[in-house]
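Worksheet: one structure, shown below.
The chains referred to below are lettered A, B, ... by the order of the sequence lines, with proteins before strands, and numbering in each begins at 1.
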2 protein chains.
Amino acid sequence: MDNLLANLKIKVSDGLFQIDPFTSKLGKSIIFHSVEMITELGFEKSTFKKLGESIGSPEASIYRYFKSKNQLLCYLISWYWGWMECRLMLEIANISCPNVRLEKSIALVLSNANENIFIEDVEMNKLHQIIISESIKTYLNKDVDTSNKEGAFLNYKQFVERVSKIINEINPKYKYPQMLLTTIFEGAHLQVFFGEHLPRLTNKQNTPDYITKFYINLALQSINSSI
Amino acid sequence: MDNLLANLKIKVSDGLFQIDPFTSKLGKSIIFHSVEMITELGFEKSTFKKLGESIGSPEASIYRYFKSKNQLLCYLISWYWGWMECRLMLEIANISCPNVRLEKSIALVLSNANENIFIEDVEMNKLHQIIISESIKTYLNKDVDTSNKEGAFLNYKQFVERVSKIINEINPKYKYPQMLLTTIFEGAHLQVFFGEHLPRLTNKQNTPDYITKFYINLALQSINSSI
DNA sequence: TCAAAATGATAGTAATACTATTATATTTGC
DNA sequence: GCAAATATAATAGTATTACTATCATTTTGA
């Protein structure tokens, strides 16, 4: 599957960069090293200066690609969800049963922990870690409406939209597909984090897929029991 | 109820302050004005300098109470959950049916939007807004284990713990009470935010309590259908 | 009332998040 | 293959942030 996606250009809103990073060597290097840096240091402690040092380019060059650290984070996260949408399409293609398609969609959101796929040299595992710990910071701030207009959340919205259509196939009268899905996706990411750092806020199990199973059950119960 | 709680000192771990702010006028002023400031500017744009200006005290004086902006945020959030635990105890006292107690617990987490209670001059409405937009930032970072040791999340954990006991009264075999509850509490806060800023990620309704109802249903279905 | 503690006033530092300028490569269109 | 356009490097500079330090002054409580 990596090969299939290797030929695919993931679309990201052009409000999320100054120069498309995948059009140059330096741009690609910024993406690669920023994923490494943010995974290692976290978003708050990451700086363009440090990034410049690991790339071997001056800070100022990075600013030509991304106007701020925030824009870079928005780019990475949007790129991730663009990729996830591609994976989703492949994952659920030719599966007729909507329940199975929904289960596969939910499982997909947590799947990156178990695999190790590289896209454009980026270890998607690490990007997944960034999604878990940092993605919420792109919208939980006072600039959310501006970021939204720049298209920061389009790919995520589309992903949610696609899965919510599956829910409405299962139960056309279900009124809260988006609400259910964002609860599940954000919740799933959070439970991974709690499992590692705040175990009293979750119920960690030995099986690797307990979170996936929990949320699949939660979804199906809610969707089917609704009037 | 305000009166009852007015006589109550909310306990916050002593790792979350340098000097207990409620022991002095300046300390109380820091709490009051920081809630105003963070509500208005958001956490990222808030600074101790600005806070000092609105209090009429130098920055350095604030540092005697809180060693950092982060510690102050942790304090506020812990204080909020300490208060919520008090409210919870009052809310569910003398109610024998655990289902009703659970429903009231979930409703409580979203209740602050509709009321306007003042504790120690702090508009708890505004603190609730801070919980929605900022609380996640206290743990989704690389210093989470240190903050955890300082007791930053104790009050939240206790709140979750109390409600999870209600779940186990309803169904003693239910294996994921903490997971379900943090999914619901964090999810509920997020849906409020999405309703205001990213409507495509939720399913906003005209009724004021649609989020509460959604999560109460979700909880009861999951708890009761579980083996 | 006197000592201790808290606060104010002021200064200073390293780092951050940028912007600006000019020189040097590199690419590209012809 | 070469000039023009473009991208990058090198360097400098700014306002702000997140603190720390010092010392004078005020408040307080035994």
Worksheet entry | Aromatic plane relationship, Tyr139(B) with Phe193(A) - under 30° parallel, 30 to 60° tilted, over 60° perpendicular |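 Plane angle between 30° and 60°, so tilted.
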Worksheet item: Hey, what's the ring geometry for His128(B) with His189(B), parallel, tilted or perpendicular (30° and 60° as the breaks)?
Response: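 Ring orientation of His128(B) relative to His189(B): perpendicular.
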Discussion item. What residues from residues 28-38 of chain A pass a heavy-atom cutoff of under 4.0 Å to DNA chain C?
Written reply: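 The stretch gives none, as no residue of it lies under 4.0 Å from the strand.
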Worksheet item: salt bridge (Lys or Arg N to Asp or Glu O under 4.0 Å) with Arg200(B): which residues, sequence neighbours excluded?
Response: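 Salt bridge (Lys or Arg N to Asp or Glu O under 4.0 Å) list for Arg200(B), sorted by chain: empty.
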Worksheet item: After noting the C-alpha distance and the side-chain angles of Leu154(A) and Ser78(A), does the key distance pass the side-chain contact (heavy atoms from CB on, under 4.5 Å) rule?
Response: CA-CA 7 Å; Leu154(A) 263 178; Ser78(A) 188; 5.8 Å; no
Discussion item. Does anything in residues 138-146 of chain A come within less than 4.0 Å of DNA chain D? Heavy atoms only, and list the residues if so.
Written reply: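 Heavy-atom contacts with DNA chain D come from no residue of residues 138-146 of chain A; none.
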Worksheet item: For the ring pair Tyr65(A) and Tyr75(A), is the centre-to-centre distance below 6.0 Å?
Response: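 No: the rings miss the under 6.0 Å criterion.
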Worksheet entry | Ring centers of Trp79(A), Phe22(A) separated by less than 6.0 Å |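 Yes - the distance between ring centres of Trp79(A) and Phe22(A) falls below the 6.0 Å cut-off.
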Worksheet item: When all nucleic acid strands are considered with a 4.0 Å heavy-atom cut-off, which category describes Ile19(A): base, sugar-phosphate, or nothing?
Response: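 The residue Ile19(A) makes no contact with any strand.
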Worksheet item: Reckon Phe66(A) touches a base, only the sugar-phosphate, or nothing at all at heavy-atom distances under 4.0 Å?
Response: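 Phe66(A): no heavy atom of the nucleic acid under 4.0 Å.
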Under a 3.5 Å distance rule, please check whether [X] uses its side chain to pair with a backbone N or O of [Y] as donor and acceptor.
{"X": "Asn125(B)", "Y": "Asn116(B)", "answer": "no"}
{"X": "Asn155(B)", "Y": "Trp81(B)", "answer": "no"}
{"X": "Glu134(B)", "Y": "Phe43(B)", "answer": "yes"}
{"X": "Ser34(B)", "Y": "Ile31(B)", "answer": "yes"}

Item to complete: May I ask you to say whether Lys137(B) pairs ionically with Glu44(B), meaning some side-chain N is under 4.0 Å from a carboxylate O?
Response: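 Result for this pair is yes, salt bridge flagged.
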Worksheet item: Should Lys50(B) and Glu40(B) count as an ion pair when the cut-off is N to O under 4.0 Å?
Response: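 Result for this pair is no, no salt bridge flagged.
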Worksheet item: Does the side chain of Ser13(B) come under 3.5 Å of the side chain of Glu150(B) through a donor N or O and an acceptor N or O?
Response: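 On atom types as modelled, these side chains do not qualify, holding no pair under 3.5 Å.
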Practice prompt. Please round to the nearest 0.5 Å and tell me the distance separating atom NZ of Lys28(B) and atom CG of Asp20(B).
Written response: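 Result: 9.5 Å between the selected atoms.
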Worksheet item: Between the two end axes of the helix from dT1(C)-dA30(D) to dC30(C)-dG1(D), each built from 5 base pairs, what angle do you get to the nearest 10°?
Response: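 It comes to 30° between the two terminal axes.
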Worksheet item: Along DNA chain C, 5' to 3', what are the outermost nucleotides having an atom less than 4.0 Å from a heavy atom of chain A?
Response: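 Contact span on the strand: dT16(C) to dA20(C).
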Item to complete: Measure the shortest side-chain to side-chain distance between Val144(B) and Phe153(B) over non-hydrogen atoms and say whether it is less than 4.5 angstrom.
Response: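 Heavy-atom side-chain distance check passes, below 4.5 Å.
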Item to complete: Return no unless some side-chain N or O of Ser57(A) is found under 4.0 Å from OP1 or OP2 of dA9(D).
Response: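 For dA9(D), OP1/OP2 do have a side-chain N/O of Ser57(A) under 4.0 Å.
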Practice prompt. Summarise protein proximity over nucleotides 12-30 of chain D in one line of letters, 5' to 3': B for base, S for sugar-phosphate only, - for none, counting protein heavy atoms closer than 4.0 Å.
Written response: -----SBBBB---------
